[in-house]
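So the structure is just underneath, and the comments pick up after that.
Start at 1 and go down the list; that is how both ligands and their atoms are numbered. All values derive from a computational prediction rather than experimental measurement.
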Amino acid sequence: MSKRKMVMAGNWKMNKLPSECAEYAKALTEAVGENAPACDLVICVSATLIPSALAATEGTYIKVGAQDVSAHEFGAYTGETAAEMLRDLGVSYCIIGHSERRAMHAETDNMINAKLNRLLSVGVTPIVCVGELLSERESGDAEKVVRTQLEGCLSGVSSAAVTDCVIAYEPVWAIGTGVSATDAQAQEMCAFIRTELGRMYGAEVAENLRILYGGSMNAKNCGGLLNEPDIDGGLVGGASLKPLDFSVLARTCK
Ligand code: PGA
């Protein structure tokens with residue numbers, strides 16, 4: 001079995017100001033310690049915070065990610081941020097297809113697929129979010145929904161390219177609710193995702209892909225979740241806003 005390097009990615013959502021980045025980075029590195037944690041430690045921040053977050057984390061093991069990207073290269077797309085702009089700043093990860101964007105900005109798998117291709121073309125690692133609604137889980141459709149999202153988001157992506165992607169399983173009912181999936185529920189779906197990726201790309205590629213869990217992961221419940229064999233890290237909202245809490249998650253990664 002391959003040893004996949006874990007990813008612990010904070011999703012700050014629309015929180016904090018540029019002036020808060022330096023203090024946050026200092027507190028997080030002090031709490032994690034001098035040596036880099038066993039995971040890739042990432043904070044995904046609003047577009048306007050990116051320069052401050054990059055300056056605050058320069059020379060540290062903390063990497064900076066974005067929370068969305070345009071599906072287009074350049075041009076008349078008011079309000080959008082191009083993948084090339086993120087790369088030029090020094091961003092290394094970008095969340096795409098978060099359920100909040102799917103729900104509030106009507107993002108489709110097709111659009112997420114286009115965003116994914118933009119990111120891959122410039123060498124920024126996409127964190128591709130998938131996950132079912134509570135009603136879909138209750139009606140027994142969770143796996144079908146996640147399979148459709150995976151196939152749509154990764155449509156046309158080669159096996160060479162997919163190795164540069166990170167998948168995040170985020171059941172919508174667990175996001176921001178304080179009710180995480182159980183270790184077993186999260187493991188079951190992450191294993192299902194790996195099986196599906198194996199069907200699409202072959203077992204070896206799937207074995208090396210990193211699959212994160214997200215949805216009310218915190219300092220208390222991360223031990224069990226991160227111990228599951230198919231969970232390779234977390235995508236963390238609320239708990240990533242507090243550097244001490246987030247440091248516990250980073251240090252729990254093996
Ligand atoms: P949460 O958010 O950890 O606050 O549930 C996770 C996410 O939305 O990525």
**Prompt:** Which atoms form the tightest heavy-atom contact between Gly131 and Val145, and what is the distance?
**Reply:**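 Looks like O-CG1, 4.4 Å.
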**Prompt:** Rounded to the nearest 0.5 Å, how far does CD of Gln149 lie from CZ of Arg147?
**Reply:**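 One gets 12.0 Å once the value is rounded to the nearest 0.5 Å.
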**Asked** Contact residues of ligand 1 with a heavy-atom cut-off of under 4.0 Å?
**Response**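 Within 4.0 Å of ligand 1, the protein residues are Asn11, Lys13, His98, Glu170, Ala174, Ile175, Gly176, Gly215, Ser216, Leu235, Val236, Gly237, Gly238.
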**Message:** Tell me whether Lys5 at atom NZ has more than 12 heavy atoms from other residues, nucleotides or ligands lying less than 6.0 Å away.
**Reply:**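 Atom NZ in Lys5 is packed in, count exceeds 12.
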**Minimum side-chain heavy-atom gap Glu228-Tyr213 below 4.5 Å** =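 Not touching, per the 4.5 Å side-chain cut-off.
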**Item:** Cluster overlap Leu41 with Ile211, hydrophobic side-chain contacts below 4.5 Å
**Value:**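 In one cluster with Leu41: Ile211, yes.
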**Asked** Can you check whether Phe246 and Trp12 have ring centres sitting under 6.0 Å from each other?
**Response**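 No, the ring of Phe246 stays outside the 6.0 Å limit from the ring of Trp12, centre to centre.
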